[in-house]
Amino acid sequence: MSQGSGGHGGSPADAGASSPAAGSAVPASSDPRNDGPRPVTGASFHEMWRELLPIGRHPASGGYRRHAWTGADAECREWFRAQARSRGLTYEVDRNGNQWAWLGDPGAGDAVVTGSHLDSVPDGGAFDGPLGVVSSFAALDELRGRGARFTRPLGIVNFGDEEGARFGLACAGSRLTAGQLTAEQAHRLTDSEGISLPQAMEAAGYDPEAIGADPERLARIGAFVELHVEQGRALDLSGDRVGVASAIWPHGRWRFDFRGEANHAGTTRLVDRRDPMLPYAETVLAARREAELAGAVATFGKISVEPNGVNAIPSLVRGWLDSRGPDQDSLDTVVGGIEKAAREYADAHGIDLDVVRESFTPVIEFDHALRDELARVLETANGRPEVPVLGTGAGHDAGILSGSVPTAMLFVRNPTGVSHSPAEFAAEDDCVAGVGALAAVLEGLACR
Ligand code: HGY
Ligand code: MN
Ligand code: MN
């Protein structure tokens with residue numbers, strides 16, 4: 001379904017376009033290799049998708065600005081609560097603002113939990129996060145429609161602030177709950193207005209003093225499965241609608257502060273300048289070189305300049321590096337090479353440089369038994385000898401939780417691979433196939 005910024009190979013089915021009428025069964029995929037055992041009722045998926053689609057979408061860019069603890073985030077949270085309530089699920093918000101919807105008593109333990117996040121990067125796409133949350137409710141609808149008998153509690157979760165778009169740290173909600181981000185550290189996270197994460201939570205009606213690790217909650221979870229749009233083209237290239245995740249690359253964020261001397265852009269001779277923009281620019285090019293050499297990725301996607309005037313040589317240029325590698329050695333090599341080059345450039349221009357690691361996530365290997373169970377369920381459901389098992393460079397809440405709970409992920413085909421962009425896209429059939437796959441996995445895990 002496209003986001004109105006032009007479908008890519010599928011019929012655009014944005015908010016206004018027609019799609020199967022609510023209540024109609026969406027026929028199983030047209031691709032014979034991928035027919036599930038029964039048509040998955042995609043009606044509830046389409047209805048939820050239509051309701052969620054307009055929330056936080058910027059009219060000019062068509063991208064989403066669902067940043068943590070803002071009005072758009074509050075609307076998404078209200079949507080989640082309404083979905084839980086309308087299904088008679090027990091709704092709760094934990095001490096870190098993550099939303100949970102329960103079928104059965106989570107206190108019984110060994111719960112199966114699914115879900116994802118609803119927040120976005122600045123001008124993000126419609127699918128990254130929401131596809132997993134909508135598919136979770138739709139998969140539950142599907143299982144209830146079949147009369148499935150749940151023998152374990154089933155939870156659906158919306159983890160808050162997964163993208164870190166406002167406070168700079170990804171997966172803040174799940175990190176707080178998993179104890180990977182302390183309340184003290186959270187108090188030090190501020191947005192561009194200087195508002196801290198807990199202050200923003202308080203303004204949204206939450207108790208900032210309550211935030212912190214929640215081991216009791218995690219102890220009740222026996223398995224967490226997150227469905228997510230693929231942020232790459234592996235499934236498009238293999239011709240599969242759904243795949244299983246194997247691992248997440250190690251990745252992190254580093255802030256480079258280049259400090260120079262503010263001065264007049266029109267009257268200061270070139271030889272008299274201490275312009276921090278110069279070593280910053282050279283460092284951006286060095287990042288690309290280092291990443292290519294190491295078979296990794298490195299991106300300076302965010303910059304802030306002080307005083308940020310057209311006719312003023314900056315006093316400070318602050319650039320944020322996002323870097324990820326197939327293994328820890330390559331990541332260390334890339335970041336080390338970039339920092340070394342940055343220091344040489346800064347010295348050459350008489351600029352002071354500070355480099356601060358703002359976040360880091362080591363390589364995540366998803367639980368092998370759960371990964372293999374998902375692959376087996378999908379192979380059985382689709383009558384296929386094997387399903388793709390693929391790694392990713394994208395971070396996820398399932399990665400953060402993997403230190404506390406057996407976790408696994410399903411990926412849904414993204415024909416262009418584009419993500420973190422209004423052009424992010426997934427075809428209707430593939431989304432409905434994802435619901436079917438998630439329903440089969442949840443049935444296998446929670447309806448024994
Ligand atoms: O940055 C990531 O990989 C994720 O989208 N938070
Ligand atoms: Mn994302
Ligand atoms: Mn995501």
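Both counts, for ligands and for their atoms, begin at 1 and track the order of listing. These figures come from a predicted structure and were not determined experimentally.
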Could you tell me which atoms of ligand 1, counted from 1 in the order shown, lie closer than 4.0 angstrom to a heavy atom of [X]?
X	result
E162	4 (C), 6 (N)
H420	5 (O)
A394	3 (O)

Donor-acceptor contact present, side-chain Q99 to main-chain F80, <3.5 Å
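Flag not set: sc Q99 to bb F80 has no pair under 3.5 Å.
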If we check side-chain hydrogen bond (donor to acceptor under 3.5 Å, both in side chains) with R175, which of these qualifies: N96, T182, T361, D397?
T361
Return the residue, atom name and 0.1 Å-rounded distance of the protein heavy atom closest to atom 4 (C) of ligand 1.
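Result: G395 O, 3.4 Å.
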Give the residue and atom name of whichever protein heavy atom lies nearest to atom 1 (O) of ligand 1, and the separation in Å to one decimal.
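Here the nearest protein heavy atom works out to R324 NH2, 2.9 Å.
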Taking distance alone, with no angle check, do R253 and ligand 1 share an N/O pair under 3.5 Å?
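It does not: no N or O of R253 is found under 3.5 Å from an N or O of ligand 1.
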Take F258 and Y345 through the test ring pair (Phe, Tyr, Trp, His ring centres under 6.0 Å) and record every step on the way to the result.
CA-CA 10 Å; F258 296 89; Y345 298 135; 8.9 Å; no
Just checking, is any N or O donor in the side chain of T70 or D73 under 3.5 Å from an acceptor N or O on the other one?
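No.
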Any side-chain donor near an acceptor of the partner, E358 and W320, under 3.5 Å:
yes
In plain terms, say whether R50 and E47 are close enough for a salt bridge, that is, a side-chain N and a carboxylate O under 4.0 Å apart.
no
Can the positive tip of R220 be found less than 6.0 Å from the middle of the six-membered ring of W102, inside 45° of the ring normal?
no
Between the Mn ion (ligand 3) and H396, is there an N, O or S atom separated by less than 2.8 Å?
no
Mind checking whether the Mn ion (ligand 3) has an N, O or S of D128 under 2.8 Å?
yes
Only N/O/S atoms count here: what is the atom of H420 closest to the Mn ion (ligand 2) called?
NE2
The angle formed at the Mn ion (ligand 3) by NE2 of H117 and NE2 of H228 is about (to 10 degrees) 120°
Ring pair (Phe, Tyr, Trp, His ring centres under 6.0 Å) evaluation trace for W69 with Y206
CA-CA 10 Å; W69 312 111; Y206 293 85; 4.9 Å; yes
Near the Mn ion (ligand 2), is there an N/O/S atom from E163 that is less than 2.8 Å away?
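Short answer: yes, at least one N, O or S atom is under the cut-off.
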